[in-house]
Amino acid sequence: MVVVHDTDSGRLSGRIVETEAYPVGDAAGHAFRGKTPRNGSLFLERGHAYVYLNYGISFLLNVSSEARGVGGGVLLRAIEPLEGVDMMAESRGTTSFADLGRGPGRLTKALRIDLDEDGLDLCAAGPLWLATDGHETGTIRKSVRIGITRDAHRLLRFYERGNIHVSGGRKLRQ
DNA sequence: AAGAAGATTCGCT
DNA sequence: GCGAATCTTCTTA
């Protein structure tokens, strides 16, 4: 699908090409130890945005995936930029097309997403929403998740094979 | 109350 | 390839 952010300066959008699942009962998930001031949005009805500040540096965007009151979600790790590429380059401070949305923190910076978007319903009318994709979908592959230690063996990372916007090195894109 | 780890990125070597 | 930047949560005293 496509993530769309309608801002005062224009529309930003990108096709999701890499995700990671953090299901119920997964020790690596933020909801594993219950609700906190930060992760409350993970417990909203499936389809809501959970945005948080990671390592004190980068905002990361998730989509809640369970019934209201149950914590679980999907991390968006990379997008292929579609609309608003110039604005994205300005936000990211680079003109390298492949790098604009390559990585979970870069993705939010390109789309200008921060705590203002936390808790928004992505399946309703609003500034941030998910659109269906008219593009052809390539082969979807799976692997272990990146940057975690708990439940590290689970194959819960999904990405489009060979896509240059997928994060990690060459191997992690094949 | 203090320290360490964590779903990362960037600049420098 | 390595370390810094820097906020939230968890662990240990």
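This one's a predicted model, so the numbers in the text were calculated from it and none came from an experiment. Below, chain A is the first sequence line, B the second, and so on; all start at residue 1.
Considering only side-chain N and O atoms, A:Arg77 lies under 4.0 angstrom from the phosphate OP1 or OP2 of B:dT8. For A:Thr149 and B:dA5, the shortest distance from a side-chain N or O to OP1 or OP2 is not below 4.0 Å. The phosphate of B:dA5 has neither OP1 nor OP2 within less than 4.0 Å of any side-chain N or O from A:Arg150. Considering only side-chain N and O atoms, A:His30 lies under 4.0 angstrom from the phosphate OP1 or OP2 of B:dA7. At the phosphate of C:dT9, OP1 or OP2 sits under 4.0 Å from a side-chain N or O atom of A:Thr36.
When the P atom of B:dT9 is taken as reference, atom CG of A:Asn54 falls 8 Å away, rounded to whole Å. What separates CG of A:Leu42 from P of C:dT9 is a distance of 12 Å, to the nearest Å. When rounded to the nearest whole Å, the span between CD of A:Glu18 and P of B:dT8 equals 10 Å. Nucleotide B:dG11 holds its P atom 12 Å from the CG atom of A:Asp99, rounded to whole Å. Taking atom CD1 of A:Ile57 as the reference point, atom C1' of C:dA4 lies 9 Å away to the nearest angstrom. Between the C1' atom of B:dT8 and the CZ atom of A:Arg106 lies a distance of 9 Å, rounded to the nearest Å. In this structure, CG of A:Asp151 is placed 19 Å from P of B:dA5, rounded to the nearest angstrom. For A:Lys35 and C:dT8, the NZ to C1' distance is 17 Å, given to the nearest whole Å.
Of the candidates A:Leu60, A:Asn62, A:Thr19, A:Asn54, A:Pro104 forms a side chain to side chain contact (heavy atoms under 4.5 Å, CB included) with just one, namely A:Leu60. Partner of A:Asp26 under the salt bridge (charged side-chain N to carboxylate O under 4.0 Å, His left out) criterion, chosen from A:Arg154, A:Arg33, A:Arg150: A:Arg154.
No path of Ile, Leu, Val, Met, Phe, Trp and Tyr side chains, each step under 4.5 Å between heavy atoms, connects A:Ile146 with A:Val74, placing them in separate hydrophobic clusters. Hydrophobic cluster membership is shared by A:Ile79 and A:Leu120, with clusters built from Ile, Leu, Val, Met, Phe, Trp and Tyr side chains linked at under 4.5 angstrom.
Both A:Arg38 and A:Arg102 lie close to DNA chain B; mapped to their nearest nucleotides by heavy-atom distance, the more 5′-ward contact belongs to A:Arg38. Annotation: of the two residues near DNA chain C, A:Tyr55 and A:Arg33, the 5′-most nearest-nucleotide partner is A:Tyr55.
B:dA7 has A:Tyr22 stacked on its base ring, the centres lying under 5.5 angstrom apart and the planes within 30 degrees of parallel.
Residue contacts for A:Arg92: at a heavy-atom cut-off of 4.0 Å it reaches the sugar-phosphate backbone alone, with no base atom in range. A:Leu53 comes within 4.0 angstrom of the backbone, heavy atoms only, and of no base.
Side-chain atoms of A:Ser65 come within 3.5 Å of backbone N or O of A:Gly73 as a donor-acceptor pair.
If you check B:dC12 for Watson-Crick or wobble pairing at under 3.5 angstrom, you find it paired to C:dG1. Pairing of C:dC10, defined by two Watson-Crick or G-U wobble distances under 3.5 Å, is identified with B:dG3.
Side-chain contact check for A:Arg112 and A:Thr7: no donor-acceptor pair (N or O, by modelled atom type) lies under 3.5 Å.
For the P atoms, the distance from C:dG1 to B:dA7 is 23 Å, rounded to whole Å.
Proximity note for A:Tyr52 (side chain, C-beta onward) versus B:dT9, C:dT9, B:dA7: the nearest is B:dA7.
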